[in-house]
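Only this structure's heavy atoms are used, side chains among them; waters, hydrogens and symmetry mates stay out. Naming convention: chains lettered A, B, ... in sequence-line order (proteins, then strands); numbering from 1 in each chain.
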There are 2 protein chains.
Amino acid sequence: MTAAYKRVALIGLGLIASSMAHAMRQFGLADEIVGHAKSAESRKIALEIGLCERVYATAAEAVQGADLVVLCVPVGAMGEIAAEIGPHLAAGATVTDVGSVKGAVVEAVAPHMPQGVHFIPGHPIAGTEHSGPRSGFATLFRNRWWLLTPLDGADRDAVARLRGLCEGMGANVDEMDVAHHDLVLAVTSHTPHLIAYTMVGVAEHMRRVSNSEVIKYSAGGFRDLTRIAASDPVMWRDVFLTNKDAVLDILGRFTEELFVLQRAIRMGDGEHLHAYFTRTRAIRRGIIEAGQDTSAPDFGRVPLGGGEGKT
Amino acid sequence: MTAAYKRVALIGLGLIASSMAHAMRQFGLADEIVGHAKSAESRKIALEIGLCERVYATAAEAVQGADLVVLCVPVGAMGEIAAEIGPHLAAGATVTDVGSVKGAVVEAVAPHMPQGVHFIPGHPIAGTEHSGPRSGFATLFRNRWWLLTPLDGADRDAVARLRGLCEGMGANVDEMDVAHHDLVLAVTSHTPHLIAYTMVGVAEHMRRVSNSEVIKYSAGGFRDLTRIAASDPVMWRDVFLTNKDAVLDILGRFTEELFVLQRAIRMGDGEHLHAYFTRTRAIRRGIIEAGQDTSAPDFGRVPLGGGEGKT
Ligand SMILES: NC(=O)c1ccc[n+]([C@@H]2O[C@H](COP(=O)([O-])OP(=O)(O)OC[C@H]3O[C@@H](n4cnc5c(N)ncnc54)[C@H](OP(=O)(O)O)[C@@H]3O)[C@@H](O)[C@H]2O)c1
Ligand SMILES: NC(=O)c1ccc[n+]([C@@H]2O[C@H](COP(=O)([O-])OP(=O)(O)OC[C@H]3O[C@@H](n4cnc5c(N)ncnc54)[C@H](OP(=O)(O)O)[C@@H]3O)[C@@H](O)[C@H]2O)c1
């Protein structure tokens with residue numbers, strides 16, 4: 001098997017980039033991987049742990065001669081990077097990104113892409129709450145979706161080749177249009193993160209309940225919210241600033257829905273609550289059947305303290 | 001070592017009761033375990049899988065001769081059971097419960113407790129999204145908190161003995177008063193569950209985003225909300241009906257806080273968002289340090305598809 005790409009340049013060397021580096025290496029998808037990150041520290045680590053053959057102090061240098069460039073920086077940094085690398089891209093190269101928002105990235109990046117370069121926006125629906133070059137692992141994308149949002153008139157061969165790379169790392173690939181992507185993600189990711197952040201903030205501000213109590217007794221449900229509220233602040237700031245319209249739309253619906261439940265609680269309407277909670281269970285079952293989570297209790301967490309749960 | 005109790009009667013044979021049965025057996029904490037559940041089906045399963053030595057068709061029969069009675073039914077069913085068992089309790093017996101709300105349980109149960117019986121309300125902060133007699137496992141309580149909320153004038157020996165049982169099953173025990181318990185749990189469990197249910201409901205009602213899309217792309221964050229929204233509808237209906245005041249209080253704060261973030265998004269106030277998201281990270285760290293969760297990425301979920309994550 002020949003590698004999918006000869007030289008891959010990763011711009012940004014955090015969770016997603018380092019996971020890609022591990023996966024491409026493990027599955028033999030790139031002959032050579034080079035990279036750039038903002039800080040000298042991250043570049044040094046990337047070399048040390050063997051993510052890249054070479055790192056460069058600027059993105060412009062890193063992309064030279066690469067047949068695939070992957071933008072793995074926060075969404076708000078994409079435009080600046082695109083402007084910098086535009087003049088240095090090899091003819092026929094593919095540029096993709098992994099940003100969590102697509103509309104804003106297309107707006108920021110597309111104008112800087114020269115003729116003959118294939119810009120194919122993308123987004124792997126996979127992540128953890130960790131970040132940085134040490135946080136990646138080769139199986140992050142396995143059995144996860146990788147959404148590609150090719151623009152009108154995209155080169156089908158270039159798209160097929162990129163799809164092959166994603167599939168090679170274990171992902172399932174779907175294509176959809178940019179605006180639909182941003183709406184779907186506002187529902188499945190962005191708004192859930194915002195409400196998790198909010199609930200964690202509420203807990204922090206309570207006077208009559210101390211922080212140590214919140215932390216000690218978190219296993220009742222709060223704990224799961226804190227995980228999704230623990231992700232990188234810069235990444236999430238950028239997501240909310242750049243997917244504003246879709247997030248505000250979904251937030252409006254969320255508040256409406258919450259007020260209906262709140263009213264049912266105030267009125268003591270047990271039937272309404274029971275019917276609502278019964279319906280939402282079905283969605284959970286759907287997710288397990290779709291292979292996007294484990295049915296093991298408590299996510300299959302190993303009980304703390306070294307024991308083994310009967311699963 | 002002598003067992004903590006001679007005969008333990010479990011009323012309700014679901015997740016919590018079956019986990020207690022497994023744990024008490026494994027750690028030699030009860031000479032004999034008997035039980036009662038509403039349905040003949042659950043009673044049959046409990047015998048089959050060896051949760052109880054004997055099961056009884058009524059709670060009144062089950063509690064006879066027991067020195068510990070544990071009420072493991074939904075909060076809304078506690079009063080009725082208490083009325084039924086009151087006249088049949090052995091002198092000197094301890095009655096406890098595991099209900100997620102304490103104020104309403106005390107109100108419903110205490111009036112039916114005869115002289116000489118020690119009623120000590122309790123609540124293990126441990127659970128999964130599964131229910132029924134087959135869902136329990138012996139390590140559910142390990143390294144989890146078990147809150148006891150003894151009433152004024154409670155018999156200290158009886159409390160100490162019950163505490164010993166909880167600790168014997170691996171839990172850490174704290175005591176607090178009933179009202180404070182209900183407020184703390186409204187923050188750490190009840191309100192988080194309600195907002196998770198709400199978000200799942202929003203996703204279900206979207207017209208432009210199909211259910212199958214929500215399910216397929218759930219790994220972006222939504223998935224974790226669905227787990228906590230998958231728990232038993234009856235249990236949660238009862239929690240919200242009986243801890244109404246504290247939940248409405250916290251919900252009010254939540255909505256306020258959410259509106260502030262929503263406004264920051266609308267105004268494009270990146271600094272506010274970044275500062276907020278940075279603060280909430282600290283809470284997550286606190287939970288990991290307190291041993292209430294794993295720091296492994298993605299909760300230490302084993303990647304689906306049989307692979308191994310580098311953790
Ligand atoms: N984490 C997730 O769950 C997830 C999932 C799917 C998609 N994404 C998307 O993937 C992208 C990267 O996320 P991540 O989780 O991998 O982030 P991360 O671990 O925080 O890494 C971000 C990387 O970008 C670099 N960077 C930031 N600004 C830069 C700039 N102006 N120039 C050059 N490099 C810069 C950082 O450099 P330093 O190391 O020097 O700071 C770091 O290496 C984001 O667009 C995010 O929306 C994330
Ligand atoms: N699940 C959690 O995460 C969690 C955590 C901490 C505390 N709790 C509390 O623990 C209690 C039990 O929860 P669980 O998760 O163990 O519930 P579960 O798995 O749904 O089991 C409930 C049990 O109660 C029985 N039951 C219900 N109504 C009854 C009645 N009127 N008379 C006799 N038996 C009756 C059921 O009988 P059938 O099997 O015949 O239907 C079932 O065996 C609740 O008060 C809950 O608030 C739950």
- Can M206(A) and L183(B) be said to form a side chain to side chain contact (heavy atoms under 4.5 Å, CB included), step by step? CA-CA 10 Å; M206(A) 292 285 301; L183(B) 181 65; 4.2 Å; yes

- Is any side-chain heavy atom of L194(A) closer than 4.5 Å to a side-chain heavy atom of I265(B)? yes

- Whatever's closer than 4.5 Å to a heavy atom in chain B on S231(A) counts as backbone

- Is it the backbone or the side chain of H274(B) that comes under 4.5 Å from a heavy atom of chain A, or both, or neither? both

- So, for G270(B) and R237(A), which heavy atoms are closest and what is the spacing to 0.1 Å? O-CD, 3.3 Å

- Task: Would you give the length of the straight line joining atom CD of E204(A) to atom OG1 of T280(B), rounded to the nearest 0.5 angstrom?
- Result: 8.0 Å

- Find the one option among G268(B), P124(B), G201(B) whose heavy-atom pairs under 4.5 Å with chain A are most numerous. G201(B)

- Task: Nearest 0.5 Å please: distance from the CE atom of M267(A) over to the CG atom of L241(B).
- Result: 13.0 Å

- Measure the acute angle between the ring planes of Y197(A) and F277(B), then classify it against the limits of 30° and 60° as parallel, tilted or perpendicular. parallel

- Query: If every non-hydrogen atom of I125(B) is compared with every non-hydrogen atom of A219(A), which pair is closest and at what distance?
  - Reply: O-CB, 3.7 Å

- Task: Give a yes or no on this: more than 12 heavy atoms of other residues, nucleotides or ligands lie within 6.0 Å of atom CZ of R25(A).
- Result: yes

- Task: Select, from D232(B), L15(B), T242(B), D238(B), the one with the greatest count of heavy-atom pairs under 4.5 Å involving chain A.
- Result: D232(B)

- Message: Under 4.5 Å from any heavy atom of chain B, what part of L147(A) do you find: side chain, backbone, both or neither?
- Response: side chain

- What are the two closest heavy atoms between Y217(A) and V184(B), and how far apart are they? CD1-CG1, 3.6 Å

- side chain to side chain contact (heavy atoms under 4.5 Å, CB included) between T255(A) and F259(B), worked out: CA-CA 9 Å; T255(A) 320; F259(B) 284 164; 3.6 Å; yes

- Among R266(B), R253(B), H190(B), H123(B), single out the residue with the greatest number of heavy-atom pairs under 4.5 Å to chain A. R266(B)

- Among A264(A), A126(A), A229(A), which has the most heavy-atom pairs under 4.5 Å with chain B? A229(A)

- Item | Residue N172(B) versus chain A: region with a heavy atom under 4.5 Å | neither

- So how far is it from I283(A) CD1 to R223(B) CZ, rounded to the nearest 0.5 Å? 15.5 Å

- Query: Which bit of D249(B) comes within less than 4.5 Å of chain A, counting heavy atoms only: side chain, backbone, both or neither?
  - Reply: side chain

- Distance (rounded to the nearest 0.5 Å) between I228(B) CD1 and F222(A) CZ: 10.5 Å

- Message: Which one wins on heavy-atom pair count under 4.5 Å against chain B: I250(A), D245(A), D174(A)?
- Response: D174(A)

- Message: I need the I287(B) CD1 to K216(A) NZ distance, nearest 0.5 Å.
- Response: 13.5 Å

- Item | Heavy-atom contact with chain B under 4.5 Å, split by part of W236(A) | both

- Note on the structure: For M199(A) and V187(B) the tightest heavy-atom approach is CE-O, 3.3 Å

- Between chain A and each of V234(B), L140(B), V200(B), L273(B), count heavy-atom pairs under 4.5 Å; write down the option with the most. V200(B)

- Message: Would you compute the distance between atom CZ of R227(A) and atom CG of D224(B) and round it to the nearest 0.5 angstrom?
- Response: 4.5 Å

- What closest approach, in Å, do R281(B) and A230(A) show between heavy atoms, and which atom pair accounts for it? NE-O, 2.8 Å

- Considering only heavy atoms, which portion of V260(B) lies under 4.5 Å from any heavy atom of chain A: side chain, backbone, both, or neither? neither

- Contact origin within A203(A) toward chain B - heavy atom pairs under 4.5 Å: both

- Minimum side-chain heavy-atom gap T198(A)-I195(B) below 4.5 Å: no

- Query: With only heavy atoms counted, which part of H180(A) is less than 4.5 Å from chain B, the side chain, the backbone, both or neither?
  - Reply: side chain

- Side chain to side chain, I215(B) and E289(A), heavy atoms closer than 4.5 Å: no

- Task: Side chain from CB out, backbone as N, CA, C, O: work out which of these in L248(A) comes under 4.5 Å of a heavy atom of chain B, or both, or neither.
- Result: side chain

- Note on the structure: In short, G221(A) meets P192(B) closest at the heavy-atom pair C-CB, 4.4 Å

- Message: Any heavy-atom pair between the side chains of S218(A) and T188(B) that's under 4.5 Å?
- Response: no

